[in-house]
Every structure is written in structure tokens, then in C-alpha cells.
Novice: 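The structure follows.
In each ligand, atom 1 is the first atom listed, and ligand 1 is the first ligand listed. The figures that follow rest on heavy atoms only: side chains count, while hydrogens, waters and symmetry mates do not.
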Amino acid sequence: MRLHEYQARELLARIGIPVTGGGVATTPAEARQLAEQIGAGVVVKAQVFVGGRGKAGGVKLAATPDEAEAVAAQILGMDIKGLTVQKVLVAEAISYQKELYLSAILDRGTKRVVMIASAEGGVEIEEVARTRPEAIVKMAAHPTLGLMDYQARELAFGVGLTDSKQVRQFAQIATGLYRLFATTDASLAEINPLVIRDDGNLQALDSKVLLDDSALFRHPDLEAMRDIAGEPEAEIKARESDITFIKLDGNIGCMVNGAGLAMATMDVVKLYGGEPANFLDIGGGANKDKVKAALQIILADTNVKAVLINIFGGITRVDEVAKGIVAALEDVQTSVPMVARLVGTNEAEGRAILAQSTLIPADSLADGAQKAVAAAQG
Ligand code: GDP
Ligand code: MN
């Protein structure tokens, strides 16, 4: 789950990281009021789930409440990379000398939470990693002790800070960001830019927090921050239907029961030269409603040229799943070819049911993947 900037900065503020004062507005009049309360120049920022808002015209400075109102009127309703701006953050505008980068992320390689810092903030870190990897410093936090003070100071030195006050501030922000990451079960906590103000103090200017959906049950307060309006339709539907779904860039839709089997299915699709359009786990008990929801989610992606259904019937009976697929297909009219590989309990009965349908039967996962790749090629 992704948080808006105005929500992320609220979490930063709670943990003691300095952020600029401000609030969120849904109308130009509210933006004016906030600017009046702030009583200084403000920055008005589109609250949409995309990066690079600045370049897209979604971040603008305003010197007076009048200007804030006018700028908010421009930004509200604006389309940024396919998303309509419904809220703006109005925050005090500050002058600064330098932009830094700081984030906490889970590194699967080392199985640690890794802090990433760079003296080249303000731009996307992927860009820095590509062009100037030496400008990035990393520090793995201790698995149980967390990010220790000496490590946080090392990071500060790594981004070129020498002034003792700035080093101390940076170290406090880094340990705070680590704590935020750990206590919210985040998958990313990022401050970009983290600026050195003209008065020499450090301050977070933009932040991004991604939360691990699988841990959200532990954080009802964070779950309550979810903004459905900003999320893709397919993700909302998947969540409502209790389906694990991750969109990918390929053209072969995959419908699988079980996360491990879904991963294996994607591997085999790739092995035979295909590209999966998604990861989708319908979980146990694939009844008609669930299969229908899964098919709707998969087919909503116009890139999908073929669907591979791979179901292993253990407790789930294959004939029940087959009935579910057939019934769902009556509701979801589609011309996209579908390949089904069903094995397990009551397999023969299941196959008999599918034989009556337009589904292309497959004997094995390898056979199914090859048939799906061929079908996607048309
Ligand atoms: P992003 O483009 O979506 O990453 O949005 P950012 O919040 O990073 O803002 C983009 C740019 O707007 C920053 O890199 C700054 O140049 C500018 N900006 C944002 N807030 C302020 C501010 O308080 N003061 C000044 N001077 N510039 C700001
Ligand atoms: Mn930014």
C-alpha cells in the first residue's frame, strides 16, 4: 500500500523528523486558507501516486495566499500520468542550499534493512545508481539492534557532511527513518530531497512510504489511511476478492492457486519465451465468484493476449474449480484464448467438464505454458 506524501510526512513528523508545516486541501479556497495560516510563501504539491510531479507541473511555488489559491486551482483536477489530482499539499516553502537523498529499504540479497544515502538528491535514485553509482552509500542495519548511531554517522560522512551539527541531525533523521520503516512494516521509506536549508538545518522536503500489504493487519491505523481513489481498479478488486495480484508488463495472464505455484508458473512461462502479465494467487477454494473476479482482473489488462490457468487440486477439488471456470466464463465474455492445466483431486471429472468448454486443455505445466505462449502469439 502506498501512502500519499501528506500522509508519509505525518509519519515522519510523528517520529521526530523535521518536516515543513502545512496541510492538505481539496479546493482552491482551502489552499488559500492554509497559505494564510502558514503566513509565508508556500509550495503547492499534487498528491498523486506517481513520481516526477515537479516536472509534470504538479509542484508550484506561491508567494501569497492569492497565488496559492490560483496555483491550487491549476493543479487540482490536473491529469498527471493518467491520475487526476484530487488533493494538494500546501506546505511552507523553504530556501535551501543542497538536496540529499536518504531511504530505508529491504535488501533481499543480504536479508537486511539497508539505508541508502546520496549527496545527489532531488533526482530519482535509480538514475543516480545508473550514472554515478559511486555517489551512493549504503549501510545495512543490524537485524536485532537496528541502525546504530555510528552507522548513521558513517552515512552522514558518506554524503559529505562535516559540520558536527549537520552530522548529528542527519544521524537522527536516519535512525528515525529506520525506526519508521521497522515499526510500520514498510517496504520503502524514502526522503527525497532531504535538504540543507539556508540556515544550515536539515529538513525533509518530499517523502515516500510503501507499506507491506501482508503486514497491514497489524496496523489498522495505517490501513485507515488507504486512498482508494488513487489506486488502480484491478488492485481494489483483487483486495476485495481476497486475491493476491501484482500487475506485470507481459501479455500472458496467469491464474494460479498458491503463491509458490504462481511463482513457478511465471518461471515456466518465461522459460518458454513468454512474459507473464501478472502474478495472481486465487488462494484455496477457487469457487465461481473468485474465479470470475480473477478473470475480470486479468482481462481488464488490455495487454493480455492469452490466459494460463494452473490449478493444483489438493483440498480444492478440480471438478469444483472446473465448474467455477465454466460458470465464470459465461459471465465474463471474452475472445482471449485460455489454456487450463488442472491436476489433483477429481482430475478426470474436472477434465470432462472442461472438454465441454472452449478452454484449451494442457497435460502438464510445461505443455500449458507452451500452449499459452503460442496462443499469445496468435
Ligand atoms: P517530485 O517531483 O514528485 O519528486 O516532488 P518534490 O516534492 O521532490 O518536488 C519537486 C521539486 O520542487 C523539488 O526538487 C524542489 O526543486 C521543488 N520544491 C519542493 N518544495 C520546495 C520548497 O519548499 N522550496 C523550494 N524552493 N522548492 C521546493
Ligand atoms: Mn521528490
Side-chain angles (χ1 to χ4, degrees), residues 2-13 17-25 31 34-65 67-68 70-72 74-105 116-131 135-136 159 169 173 177 180 186 188-210 227 230:
R2 179 153 180 187
L3 295 179
H4 279 300
E5 179 193 4
Y6 76 90
Q7 299 168 322
R9 72 206 296 277
E10 168 71 38
L11 298 182
L12 295 186
I17 296 174
V19 297
T20 49
V24 69
L34 285 166
E36 277 164 0
Q37 283 163 22
I38 292 165
V42 295
V43 57
V44 181
K45 306 173 81 175
Q47 299 297 288
V48 281
F49 293 132
V50 289
R53 296 162 305 167
K55 277 194 198 129
V59 178
K60 289 199 164 79
L61 293 166
T64 64
E67 256 182 68
V71 161
Q74 280 171 30
I75 297 177
L76 285 164
M78 181 186 265
D79 184 278
I80 300 182
K81 297 180 188 170
L83 294 169
T84 307
V85 182
Q86 290 173 339
K87 290 177 190 155
V88 288
L89 168 71
V90 181
E92 181 186 351
I94 56 162
S95 325
Y96 54 85
Q97 328 157 9
K98 191 161 174 44
E99 297 183 319
L100 308 172
Y101 175 93
L102 180 65
S103 68
I105 194 163
I116 298 175
S118 175
E120 300 189 12
V123 291
E124 281 187 21
I125 197 69
E126 292 82 357
E127 178 66 25
V128 182
R130 205 166 39 241
T131 54
I136 291 177
V159 299
Q169 287 185 359
I173 292 171
L177 195 64
L180 172 67
L188 170 74
E190 178 187 78
I191 305 176
N192 187 28
L194 169 64
V195 301
I196 304 176
R197 301 170 58 122
D198 282 349
D199 65 13
N201 290 309
L202 268 62
Q203 186 151 37
L205 217 57
D206 184 17
S207 51
K208 177 173 169 183
V209 172
L210 298 179
D227 175 17

Novice: Please could you name the atoms of ligand 1 that Glu92 approaches to less than 4.0 Å, counting only its heavy atoms?
Specialist: 23 (O)

Novice: What distance separates Leu205 CG from Leu100 CG, expressed to the nearest 0.5 Å?
Specialist: 11.5 Å

Novice: Rounded to the nearest 0.5 Å, what separation is found between the CD1 atom of Ile116 and the CG atom of Leu188?
Specialist: 8.5 Å

Novice: Which residue is it: Gln86, His4, Gln7, Gln47? I am looking for the one with a side-chain hydrogen bond (donor to acceptor under 3.5 Å, both in side chains) to Asp227.
Specialist: His4

Novice: Counting heavy atoms only, which part of Thr20 comes closer than 4.0 Å to ligand 1: side chain, backbone, both or neither?
Specialist: neither

Novice: Could you give the distance from NZ (Lys81) to CZ (Phe49), rounded to the nearest 0.5 Å?
Specialist: 14.5 Å

Novice: Just by distance, with hydrogens left out, do Gln203 and Tyr96 show a side-chain donor and acceptor under 3.5 Å apart?
Specialist: no

Novice: Closest to the Mn ion (ligand 2), which N/O/S atom of Asp206 is it?
Specialist: OD2

Novice: Between Asp206 and Arg9, does any side-chain N to carboxylate O distance fall below 4.0 Å?
Specialist: no

Novice: In the protein, which heavy atom is nearest to atom 6 (P) of ligand 1, and how far is it?
Specialist: Asp206 OD2, 3.4 Å

Novice: If you count the atoms of ligand 1 from 1 in the order shown, which ones are under 4.0 Å from a heavy atom of Asn192?
Specialist: 8 (O)

Novice: In the protein, what heavy atom is nearest to atom 21 (C) of ligand 1, and what distance, to one decimal place, separates them?
Specialist: Leu205 CD2, 3.6 Å

Novice: Any atom of ligand 1 sitting under 4.0 Å from a heavy atom of Ser95?
Specialist: no

Novice: Does an N or O anywhere in Ile94 fall below 3.5 Å from an N or O of ligand 1?
Specialist: yes

Novice: Which of these passes side chain to side chain contact (heavy atoms under 4.5 Å, CB included) with Leu102: Val159, Leu202, Ile17, Leu177?
Specialist: Leu177

Novice: For atom 2 (O) of ligand 1, tell me which residue out of Ala56, Ala204, Ala91, Gly54 has the closest non-hydrogen atom.
Specialist: Gly54

Novice: In terms of residue, atom name and distance, what is the protein heavy atom nearest to atom 11 (C) of ligand 1?
Specialist: Val59 CG1, 4.5 Å

Novice: To the nearest 0.5 Å, tell me how far Ile125 CD1 sits from Ser103 OG.
Specialist: 6.5 Å

Novice: Any nitrogen or oxygen of Lys45, side chain or backbone, less than 3.5 Å from one on ligand 1?
Specialist: yes

Novice: State if Val195 counts as touching ligand 1 under the rule of any non-hydrogen atom under 4.0 Å.
Specialist: no

Novice: Quick one: does Pro193 get a heavy atom under 4.0 Å from ligand 1?
Specialist: yes

Novice: Out of curiosity, Leu61 CG to Lys45 NZ, how far, rounded to the nearest 0.5 Å?
Specialist: 10.0 Å

Novice: Which heavy atom of the protein is the closest neighbour of atom 3 (O) of ligand 1, given with residue, atom name and distance?
Specialist: Arg53 NE, 2.7 Å

Novice: Please check whether Val43 reaches ligand 1 - meaning an N/O of the residue sits under 3.5 Å from an N/O of the ligand, judged on distance alone.
Specialist: no

Novice: Can you confirm whether the side chains of Asp198 and Gln97 place a donor and an acceptor under 3.5 Å from each other?
Specialist: no

Novice: Write out the residue and atom name of the closest protein heavy atom to atom 16 (O) of ligand 1, then the distance separating them to 0.1 Å.
Specialist: Tyr96 OH, 3.2 Å

Novice: Would Glu99 count as being in polar contact with ligand 1, using the rule that some N or O on each side must be under 3.5 angstrom apart?
Specialist: yes

Novice: When rounded to the nearest 0.5 angstrom, what distance separates CD in Glu5 from CD in Glu10?
Specialist: 13.0 Å

